[in-house]
Peer 1: 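The following block contains the structure, expressed as structure tokens.
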Amino acid sequence: MDIFFLGIILFLFILAVFDLSVGVSNDAVNFLTSAVGSKAASFKHVIIVAAIGVFIGAALSNGMMDIARHGIFNPENLSFYDVIAIFMAVMVTDIIVLDVFNSLGMPTSTTVSLVFELLGASFVVALFKIFMPESTLGLGDLLNTEKALSVIMGIFLSVAIAFVFGTIVQFLSRLVFTFEYKSRLKWKVGIFGGVACTAIVYFMLLKGIKDLSIMTPEVKSWNDHNTSLILGGAFLTFTLLMQLLHYLKVNVFKVVVMLGTFSLAMAFASNDLVNFIGVPLTAFAAYQDYTSAGAGDYYNFMMESLRGSANTPVYFLLGAGAIMVVSLATSKKARQVTQTTVGLSSKTQGDEMFGSSRLGRSLVRSTLNAHSWVVEHTPEKLRKWVNRRMDNKVTEEEQDAAFDLVRGAVNLMLASMLIAVGTSLKLPLSTTFVTFMVAMGTSLADKAWGRESAVFRITGVISVIGGWFITAIVAFVSAGIIVFFMHKGGVAVMIAGGVIAVALLIRSNIRFNNRKKEIPDETLFQTILTTENPADVWPLLKIYINEKQSMFLSFISQCFSDTTEGFLYEKAKLLSRTEKALITEKAVLKGQRRKMTLCIRLVTPEVAMEKSTWFHLSNNMAMAMTYNLRRINEAFKEHVDNNFRPLPAELHDTFKSLCSRIKTVIDEAETSIAEHRPEAIGELRRQCNEIKEDLSRNVHELYDLLHRGDTQNMTVVYVYLNALQESQEFVTSLRKMLRSAAKLNLAPIQPVRGTHF
């Protein structure tokens, strides 16, 4: 049996490699956001600086593995078998949970996931031990819940403290520097750089390098007794250095951002990410102790040896650092998670992926009321002065950045300072939560959350915060369930669980890459937003609108085909899938409308006046077609789900022929727009008129049939009648959409008999 346990230990190390990969992909958001969002350097250079920090932090870390040894459970009361089952369940759960958050683009806390996975797995194993007939142990003898409670407290403290301080400090910084900060630096930049760099150094001393192997007890003691001297000397040195760099035409804010990125990356690697190898290393230490003194009795050999502190071999730390660096440089999911935070704090109103919520709307309304009250009770002179200082003017150099370097520097400086102060005061502040909420607070103070975007940004923040709590709950429950089966099933189930986790991770990455290929590139949208000359906006926007119209017509064609096929051939599952797709499309269309509205504001007034009507008509008709098809599909689905009689043979062929003609027109419309052939639209609109007339004739014939009472199956006939009437509206909307497409592309409209549209 010992050989099987050795296999499990080796497998745990393999799982740790995958866990390090997904862990750094998620925690990357914390040390990349400020540099990426402010464009302090190219993405490649930001990654290089962060990678150096990650590698140094991981390679020099030591003593950070104790959470897996005795931070959650009391090892002296658990057997070798219990500990191995716990560790295997933790690694399997951690891979799955973190990868799910990465795929969703949601930042979460790797520490929270690890702590609650250990707690959940240990809790279930503790129940096994307690309910054994000969057991005299209680829950307190087996678990150490203090760590979990400190993490929960840390969430609340981190969210509140970081957001409030982020808002206040950024507001004061903006009053000092304004948005046109480059012309107002003079002596102020030296002091700001001195404060920022001193805060970052203080953070590195207390959080980043306090547990590195180079920090001997003597060095730590000297640091503790001379903190004020270190900070004072650092402030004076950095102030003079930053002022000198400013005189030498070096951008001090970029220096602060890159230094902060390095320090945060090093701290995350040495404090949080390195915990991932703590589980397999602890399991390996337990295995060594078991093989030397366990005598093969893995059920009764207790793990008292884990009560001591870890002494991690340097080659393990070097390996972990190398894996994290490679993952950071190659992970596409790391960029997606980073983009979530950048998007929520961006000064522009882009794609608001989270939509709006009732709570978000209530908070915005309350904040607006509070703001109005403050404005009313503020002296007029002070109000005018603040408005002048907070006039949001973006320089040409930073138009393509999500936010400027002042905010990027404040993000890193304040996050470092809060984490360092919290550590010194023994407050359980979460590094992950502080960095995220500081970024949200500074974006609020910077007026990045305008009236048009605030509800979406707040909903996004609420979603991320909720995700942190969900992480804890899901990690606890999932680890508990998995360890139950592993503890009961033995070695075979442990290995099977690990294989399944790796398979799910590989499958998730394949699906993620495929999905990214399917999602259209939004580079054109970002290009439009950053185009300086309004005259150049419309040609780009016209291409963008064409792409979206073509995509919509392709989608609606497939849905129309699936809806009719599901009804004619009684495919209930196909109708259910179509219903879900149409519901999702509503949100997609709303998002596209917001983005296109942002773009059309940037065109010249003459073009905007001419095109706005047709632009809005096109969007309205796309939404109307979606609603028409949803009503058709809903009636079809209910009919098929109830197993009612199918459409009679004499009506089946007629309806199939009409549907085929409608689908052909949609496909040809999609092709003409995709291939930029607006001249074909006139003929397509004529075909729409003919189809409408045929649909109308069929409706009248069906009414005659119902009036004569020639049918025995009234239910299916009424469903068919609804489909014909909705199809008329559907084709009408398509015809209007084609007219708007032609107008937007300046195509000649051929005279078409029928209605004006």
Side-chain angles (χ1 to χ4, degrees), residues 36-43 179-180 182 339 342-343 345-353 391-405 446-448 450-453 456 519-553 588-622 670 672-681 737-749:
V36 171
S38 63
K39 293 190 179 295
S42 66
F43 188 80
F179 284 91
E180 295 181 296
K182 293 182 180 178
Q339 191 56 45
V342 172
S345 56
S346 173
K347 65 177 182 289
T348 61
Q349 299 173 35
D351 183 15
E352 311 297 354
M353 61 177 286
D391 187 13
N392 192 349
K393 295 179 181 179
V394 183
T395 63
E396 293 184 2
E397 181 182 345
E398 294 176 335
Q399 279 186 342
D400 59 341
F403 43 82
D404 64 11
L405 288 165
D446 246 5
K447 301 194 297 185
R451 289 286 292 267
E452 289 80 11
S453 65
F456 305 116
I519 297 175
D521 186 11
E522 289 296 294
T523 303
L524 181 57
F525 170 65
Q526 297 297 332
T527 302
I528 294 171
L529 290 181
T530 56
T531 300
E532 299 178 9
N533 186 1
D536 297 333
V537 173
W538 176 247
L540 296 173
L541 181 56
K542 187 166 66 171
I543 296 172
Y544 186 72
I545 293 174
N546 275 4
E547 287 181 358
K548 297 306 177 185
Q549 287 180 334
S550 176
M551 287 172 55
F552 170 76
L553 290 173
V588 172
L589 289 174
K590 288 177 67 176
Q592 289 178 1
R593 184 183 189 119
R594 285 197 298 268
K595 293 163 77 171
M596 292 181 189
T597 302
L598 287 173
C599 295
I600 208 165
R601 293 175 184 173
L602 303 177
V603 303
T604 58
E606 298 80 11
V607 174
M609 184 72 69
E610 178 187 354
K611 301 298 182 182
S612 288
T613 300
W614 304 109
F615 160 73
H616 290 294
L617 177 64
S618 175
N619 281 278
N620 291 340
M621 291 305 101
E670 188 271 327
S672 65
I673 292 176
E675 297 178 354
H676 306 287
R677 293 191 293 106
E679 67 279 358
I681 289 178
M737 184 180 183
L738 287 170
R739 177 174 174 80
S740 66
K743 287 289 187 179
L744 287 170
N745 285 279
L746 298 176
I749 297 292

Peer 1: Going by the rule side chain to side chain donor-acceptor pair (under 3.5 Å), which residues pair with Thr613 if we only count those two or more places apart in sequence or in a different chain?
Peer 2: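 If we apply the side chain to side chain donor-acceptor pair (under 3.5 Å) test to Thr613, skipping adjacent residues, there are no hits.
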Peer 1: Kindly write out the residues that satisfy side chain to side chain donor-acceptor pair (under 3.5 Å) with Ser740, not counting sequence neighbours, or none if the list is empty.
Peer 2: none
Peer 1: When rounded to the nearest 0.5 angstrom, what distance separates CG in Leu541 from NZ in Lys611?
Peer 2: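 Those atoms lie 10.5 Å apart.
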Peer 1: So among Glu547, Gln549, Met551, which one has a side-chain contact (heavy atoms from CB on, under 4.5 Å) with Ile673?
Peer 2: Gln549
Peer 1: Looking at residues at least two apart in the chain, or sitting in another chain, which of them share a side chain to side chain donor-acceptor pair (under 3.5 Å) with Asn546?
Peer 2: His676, Asn745
Peer 1: Going by the rule side chain to side chain donor-acceptor pair (under 3.5 Å), which residues pair with Gln592 if we only count those two or more places apart in sequence or in a different chain?
Peer 2: none
Peer 1: For Phe615 versus Arg593, what's the shortest heavy-atom pair and its separation?
Peer 2: CZ-O, 4.3 Å
Peer 1: How far does CG of Asn619 sit from CH2 of Trp614, to the nearest 0.5 angstrom?
Peer 2: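 The distance works out to 14.0 Å.
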Peer 1: Does a side-chain heavy-atom distance below 4.5 Å link Leu553 with Met737?
Peer 2: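 Sidechains of Met737 and Leu553: in contact.
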